[in-house]
Amino acid sequence: MPMKITQEIKENTVIMTLDGELDASSSVQLDEELSDPEIMKYNKVLVDCQNLDYISSAGLGVFISHLQRFEDAQIKLIFFNMQDKVRNVFEILGLDLLMTIVSDYEEARSVANE
């Protein structure tokens with residue numbers, strides 16, 4: 001199933017919803033979305049992973065490659081609603097220590113506002 005990425009803007013927050021499989025081909029699309037200069041106008045990017053069924057190393061690489069730029073711009077990148085199988089990939093690679101992963105939208109909003 002092809003990856004579908006949707007964005008919703010609420011106040012100064014981008015809510016990005018990932019739907020499908022984030023593999024080598026769809027990671028190009030994600031990279032374009034995260035590279036968009038518009039995203040730098042917001043100080044919070046919340047990534048809804050509820051319908052993210054699979055993430056490849058290429059997909060993880062895209063998030064890792066934008067991490068420093070977001071950090072430098074003081075943009076909080078927060079993942080929420082992550083399925084266990086996807087979260088396990090983050091944990092195995094130790095990315096849960098580099099990235100903020102919370103259980104749901106309410107928690108993501110709360111952490112984003114800290």
Side-chain angles (χ1 to χ4, degrees):
M1 178 175 123
M3 166 64 62
K4 183 175 172 218
I5 301 173
T6 52
Q7 283 190 25
E8 181 185 349
I9 309 294
K10 280 190 181 172
E11 293 143 22
N12 57 354
T13 304
V14 176
I15 301 160
M16 186 177 284
T17 304
L18 305 180
D19 194 341
E21 297 186 351
L22 186 51
D23 55 20
S25 60
S26 57
S27 65
V28 174
Q29 181 190 357
L30 176 65
D31 189 49
E32 287 170 3
E33 300 263 349
L34 293 173
S35 298
D36 184 348
E38 280 292 303
I39 210 164
M40 302 308 280
K41 293 179 180 174
Y42 303 94
N43 59 8
K44 301 170 198 125
V45 178
L46 309 184
V47 184
D48 185 347
C49 301
Q50 185 167 351
N51 297 316
L52 178 63
D53 299 320
Y54 168 83
I55 188 163
S56 71
S57 57
L60 290 165
V62 170
F63 285 120
I64 293 166
S65 71
H66 289 278
L67 214 51
Q68 191 63 53
R69 186 171 63 102
F70 280 8
E71 228 169 74
D72 292 346
Q74 296 184 320
I75 296 171
K76 292 184 178 179
L77 178 64
I78 301 169
F79 298 85
F80 68 99
N81 285 343
M82 201 175 272
Q83 294 181 32
D84 288 343
K85 62 185 173 186
V86 173
R87 189 180 186 122
N88 285 343
V89 174
F90 278 77
E91 288 173 355
I92 288 167
L93 298 171
L95 297 176
D96 56 320
L97 305 174
L98 283 178
M99 301 178 185
T100 306
I101 302 170
V102 298
S103 57
D104 57 31
Y105 177 68
E106 290 306 314
E107 190 179 351
R109 274 194 29 213
S110 168
V111 169
N113 290 322
E114 285 176 0

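Just so you know, these numbers use all the heavy atoms, side chains as well, and skip hydrogens, waters and symmetry mates. Count residues from 1 along the sequence.
- Looking at C49 and V47, their side chains come closer than 4.5 Å, going by heavy atoms from C-beta outward.
- A donor-acceptor pair under 3.5 Å is absent between the side-chain atoms of S27 and the main chain of G61, judged by distance alone.
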Side chain to side chain donor-acceptor pair (under 3.5 Å) for Q50 and Q83? Distances and angles first, verdict last. CA-CA 6 Å; Q50 185 167 351; Q83 294 181 32; over 6 Å; no
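- Scanning all heavy atoms of the two residues, the minimum distance from A24 to S56 falls at N-OG, 3.7 Å.
- A distance of 10.5 Å separates CZ of R109 from CG of D104, quoted to the nearest 0.5 Å.
- Note on ring orientation: taking the six-membered ring where Trp is involved, the planes of F79 and F63 are perpendicular (angle over 60°, cut-offs 30° and 60°).
- Residues I92 and V89 are not in side-chain contact: their nearest non-hydrogen atoms beyond the backbone lie 4.5 Å or more apart.
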Chi angles and distances behind the salt bridge (Lys or Arg N to Asp or Glu O under 4.0 Å) call for E71, R69: CA-CA 5 Å; E71 228 169 74; R69 186 171 63 102; over 6 Å; no
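- In terms of heavy-atom proximity, D23 sits nearest to S25 at OD1-OG, 3.1 Å.
- L46 and M40 are not part of a single hydrophobic cluster, where members link through side-chain heavy atoms under 4.5 Å apart.
- The minimum heavy-atom distance linking Y42 with I75 is given by the pair O-CG1, 3.3 Å.
- Cluster membership for V62 and M82, using ILVMFWY side-chain heavy atoms within less than 4.5 angstrom, is shared.
- The shortest distance between side-chain heavy atoms of I55 and F90 falls below 4.5 Å.
- In this structure, L77 is a member of the same hydrophobic cluster as L93, with clusters built from ILVMFWY side-chain heavy atoms closer than 4.5 Å.
- The side-chain contact (heavy atoms from CB on, under 4.5 Å) test with I5 is passed by exactly one of L34, L18, T17: L18.
- Taking the side chain as every heavy atom from C-beta outward, L22 and L52 approach each other to under 4.5 Å.
- Note on L67: it clusters hydrophobically with V14, by side-chain heavy-atom contacts below 4.5 Å among ILVMFWY residues.
- In this structure, NZ in K85 is found 11.0 Å from OH in Y54, a value given to the nearest 0.5 Å.
- Side-chain heavy atoms closer than 4.5 Å link hydrophobic residues (I, L, V, M, F, W, Y) into clusters, and following such links, possibly through other members, connects L30 to L60.
- A donor and an acceptor atom, one from each side chain of N113 and K44, are located under 3.5 Å apart.
- Proximity of I39 to F70: side-chain heavy atoms (C-beta onward) are separated by under 4.5 Å at one or more points.
- Distance check, rounded to the nearest 0.5 Å: CD1 of I15 to OG1 of T6 gives 10.0 Å.
- Atom NE2 in H66 sits 11.5 Å away from atom CD1 in I64 (nearest 0.5 Å).
- T13 contributes atom OG1, which lies 8.5 Å from atom CD1 of I78 (distance to the nearest 0.5 angstrom).
- Atom CG of N81 is separated from atom CG of N51 by 8.5 Å, given to the nearest 0.5 angstrom.
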Take K76 and N43 through the test side chain to side chain donor-acceptor pair (under 3.5 Å) and record every step on the way to the result. CA-CA 6 Å; K76 292 184 178 179; N43 59 8; over 6 Å; no
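- Counting heavy atoms from C-beta on, the side chains of Q29 and M3 come closer than 4.5 Å.
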